[in-house]
Engineer: 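Quick one: this structure, given as structure tokens, is what I'll be asking you about.
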Amino acid sequence: MSLVAEAFVSQIAAAEPWPENATLYQQLKGEQILLSDNAASLAVQAFLQMCNLPIKVVCRANAEYMSPSGKVPFIHVGNQVVSELGPIVQFVKAKGHSLSDGLDEVQKAEMKAYMELVNNMLLTAELYLQWCDEATVGEITHARYGSPYPWPLNHILAYQKQWEVKRKMKAIGWGKKTLDQVLEDVDQCCQALSQRLGTQPYFFNKQPTELDALVFGHLYTILTTQLTNDELSEKVKNYSNLLAFCRRIEQHYFEDRGKGRLS
Amino acid sequence: MAAPLELSCWGGGWGLPSVHSESLVVMAYAKFSGAPLKVNVIDNTWRGSRGDVPILTTEDNIVSQPAKILNFLRKQKYNADYELSAKQGADTLAYIALLEEKLLPAVLHTFWVESDNYFTVTKPWFASQIPFPLSLILPGRMSRGALNRILLTRGQPPLYHLREVEAQIYRDAKECLNLLSNRLGTSQFFFGNTPSTLDAYVFGFLAPLYKVRFPKIQLQEHLKQLSNLCRFCDDILSSYFRISLGGLSPAGQDTVDANLQKLTQLVNKESNLIEKMDDNLRQSPQLPPRKLPTLKLTPAEEENNSFQRLSP
């Protein structure tokens with residue numbers, strides 16, 4: 001969106017309170033959604049729970065195409081549609097709810113830096129694993145991605161998406177990486193997150209912020225998704241404070257609110 | 001460390017040891033950690049590769065990307081992060097990710113995609129560093145690679161328009177610069193008084209943006225308003241790369257001193273001359289006082305005579 005359009009949207013956003021029928025769209029949970037998309041969607045859900053804003057999750061096969069930026073998840077609030085965690089956080093802030101107001105400038109800089117670290121390393125590693133690792137692609141990704149569509153559309157869409165992701169990997173220099181190097185990067189990232197978290201309950205001590213939501217989304221999905229091999233989740237399991245962190249957020253924000261366990 | 005470490009990278013200009021961000025990161029890290037690097041600047045001959053610069057070669061290894069080169073140097077015990085705590089190490093990784101995601105697209109755009117800048121500054125400079133036929137191909141390829149990277153990471157499939165992302169990437173870059181400035185505050189380096197990996201990365205990304213003279217300079221203007229970041233770059237340049245910033249090279253300083261000396265000598269000579277003249281005047285035989293004609297006087301003359309003698 002251009003800058004003018006964005007300013008206009010936030011003006012309008014500020015005017016109305018959060019409606020009861022806000023919905024979040026993602027792909028079909030059981031058959032279609034992939035690791036990276038699930039992580040992103042869970043991060044947004046966690047963020048909205050932390051802000052105490054009600055949201056209904058709706059699964060649609062064409063969620064990716066409905067989204068204004070091509071990425072899931074996106075939320076439909078009033079008559080606006082906003083996609084991806086960053087813009088959603090800003091949109092929610094325009095409506096007057098924010099988790100990071102209590103942080104000072106240096107802490108905000110740190111929070112943004114760590115969010116970029118998660119996006120840069122964890123998300124890219126997930127994408128690599130899903131689309132560039134032949135074993136996973138063959139067994140899981142192709143089948144899942146095209147599942148709602150009839151033959152031959154399912155194959156065509158899956159190959160097209162794979163080609164796009166491989167182009168992106170090559171542009172940022174991950175094209176030549178082997179799976180082991182990618183797993184090592186994931187390990188480094190988890191180590192950094194674990195060291196930053198230390199023994200605190202959340203990353204910025206007492207209150208959760210969008211960083212906590214993002215980290216929870218990714219780590220929980222990695223821990224609970226079954227892939228061809230368990231190496232990715234093993235890397236995360238090495239860090240016990242991260243496991244405790246995920247469990248804590250799950251209990252506090254998802255079970256206690258009566259939403260039941262996350263599947 | 002017996003084996004010599006050789007780094008081949010792009011050369012310097014505008015007061016910088018290298019104009020290429022990644023090469024600068026490696027050079028800065030080597031200076032900070034005390035690694036003895038022999039720097040081979042890519043020049044106009046056919047020797048050496050120009051592909052994945054910067055490249056570190058030792059006797060048995062060839063290491064290519066900045067992150068890998070830094071890892072290699074650390075394994076060879078040239079570690080600039082020795083005194084950092086675990087949390088600071090984690091912060092380093094996070095801030096480097098921030099730089100790569102938010103600042104790098106705009107830097108690439110300023111150097112390689114913005115047509116005024118590219119055709120008047122970047123392309124001629126790089127073309128002058130490469131031998132003839134390649135100089136027609138390589139800059140173009142680097143420019144296309146930069147555009148690709150920006151579009152694929154920020155653009156929206158399937159059409160990937162540049163217009164939409166330009167405003168966004170510059171806004172992100174300005175925000176990133178503000179965040180870095182807030183984090184640096186008034187301290188000399190990012191983690192205390194000794195420079196570390198993060199300082200090398202920030203310096204590598206900021207210094208070319210700060211020093212290279214471009215026609216279209218909105219990001220540079222923004223950077224210049226953040227005086228602590230500018231001071232940070234200048235400090236590193238003057239202490240680690242020994243490039244003086246007063247505008248005078250050491251040779252220039254000497255000529256000024258020589259001139260000053262000559263002027264002083266002249267002035268001294270003048271004043272000596274004046275003193276001599278003064279002395280001469282004083283010591284030269286003075287004319288005797290003019291004798292007034294004596295008057296023949298009466299016995300009252302004696303008193304008059306005494307009066308006369310008293311008169312000068």
Side-chain angles (χ1 to χ4, degrees), chain A residues 1-6 64-65 67-71 83 86-87 104-124 160-161 163-174 176-177 181 184-185 188-198 200 203 211, chain B residues 22 52 64-68 71 84-105 108 144-160 163-168 170-172 175-185 190 198:
Chain A
M1 260 201 289
S2 72
L3 296 177
V4 171
E6 267 190 51
E64 205 179 355
Y65 302 104
S67 155
S69 72
K71 301 209 170 76
S83 67
D104 65 28
E105 291 299 328
V106 174
Q107 284 176 318
K108 277 192 186 151
E110 262 187 53
M111 183 183 79
K112 295 220 162 94
Y114 275 96
M115 284 175 80
E116 289 309 323
L117 178 68
V118 172
N119 277 334
N120 201 351
M121 287 209 168
L122 275 185
L123 181 62
T124 322
Q160 186 187 48
K161 179 82 177 173
W163 179 73
E164 233 175 75
V165 172
K166 278 195 167 157
R167 247 177 93 192
K168 181 175 166 181
M169 291 289 147
K170 205 164 146 212
I172 59 176
W174 281 56
K176 301 216 180 82
K177 283 198 182 182
Q181 286 170 337
E184 221 180 273
D185 283 340
Q188 242 187 6
C189 179
C190 290
Q191 193 184 29
L193 288 172
S194 172
Q195 279 165 353
R196 178 66 182 81
L197 183 62
Q200 299 167 338
F203 277 93
L211 174 61
Chain B
E22 300 184 337
D52 243 347
S64 69
Q65 286 164 357
K68 289 190 196 156
N71 265 339
L84 294 186
S85 70
K87 180 176 171 310
Q88 287 174 329
D91 281 351
T92 304
L93 266 186
Y95 277 102
I96 292 175
L98 184 70
L99 281 177
E100 282 186 1
E101 284 283 319
K102 299 271 179 184
L103 187 57
L104 183 61
L108 283 179
R144 273 193 297 279
L147 181 62
N148 225 8
R149 179 169 181 152
I150 296 174
L151 286 181
L152 285 177
T153 50
R154 292 317 191 83
Q156 298 167 17
L159 291 175
Y160 294 114
R163 283 278 138 245
E164 297 165 0
V165 295
E166 263 177 7
Q168 176 74 26
Y170 276 103
R171 196 167 56 154
D172 281 344
E175 197 192 316
C176 179
L177 289 175
N178 291 343
L179 292 176
L180 285 175
S181 179
N182 281 337
R183 175 66 181 76
L184 181 61
F190 277 91
L198 181 59

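For clarity, every value in this text was computed on a predicted model and none was experimentally measured.
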Engineer: Rounded to the nearest 0.5 Å, what separates atom CG in N148(B) from atom CZ in R167(A)?
Structural biologist: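 The CZ atom of R167(A) is 6.0 Å from CG of N148(B), to the nearest 0.5 Å.
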Engineer: As a quick check of understanding, evaluate side chain to side chain contact (heavy atoms under 4.5 Å, CB included) for N182(B) and K108(A), giving each step before the final call.
Structural biologist: CA-CA 10 Å; N182(B) 281 337; K108(A) 277 192 186 151; over 6 Å; no
Engineer: At what distance, to the nearest 0.5 angstrom, does CE of M111(A) lie from CG of L179(B)?
Structural biologist: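 Going from CE on M111(A) over to CG on L179(B), the span is 9.5 Å.
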Engineer: Please lay out, stage by stage, how E175(B) and K112(A) fare under the test side chain to side chain contact (heavy atoms under 4.5 Å, CB included).
Structural biologist: CA-CA 10 Å; E175(B) 197 192 316; K112(A) 295 220 162 94; 3.3 Å; yes
Engineer: For K87(B), what residues pass the side chain to side chain donor-acceptor pair (under 3.5 Å) criterion, not counting sequence neighbours?
Structural biologist: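 Only D91(B) meet the side chain to side chain donor-acceptor pair (under 3.5 Å) criterion with K87(B).
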Engineer: Measure E100(B) against the heavy atoms of chain A and call it side chain, backbone, both or neither at under 4.5 Å.
Structural biologist: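 Side chain only.
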Engineer: Take E110(A) and Y95(B) through the side chain to side chain contact (heavy atoms under 4.5 Å, CB included) test and state the conclusion after the steps.
Structural biologist: CA-CA 8 Å; E110(A) 262 187 53; Y95(B) 277 102; 3.6 Å; yes
Engineer: Listed by chain and number, what are the side-chain contact (heavy atoms from CB on, under 4.5 Å) partners of Q188(A), not counting sequence neighbours?
Structural biologist: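 Q188(A) satisfies side-chain contact (heavy atoms from CB on, under 4.5 Å) with M121(A), D185(A), L93(B) only.
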Engineer: How close do A90(B) and A192(A) get, counting heavy atoms only, and between which atoms?
Structural biologist: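 Reported closest heavy-atom pair: CB-O, 3.3 Å.
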Engineer: State, to 0.1 Å, how close L152(B) and A171(A) come at their nearest heavy-atom pair, and which atoms those are.
Structural biologist: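 L152(B) and A171(A) have their closest heavy atoms at CD1-CB, 3.8 Å.
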Engineer: Mind listing the closest non-hydrogen atom pair of Q195(A) and A86(B) along with its distance?
Structural biologist: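 The pair with the smallest heavy-atom distance is OE1-O, 3.1 Å.
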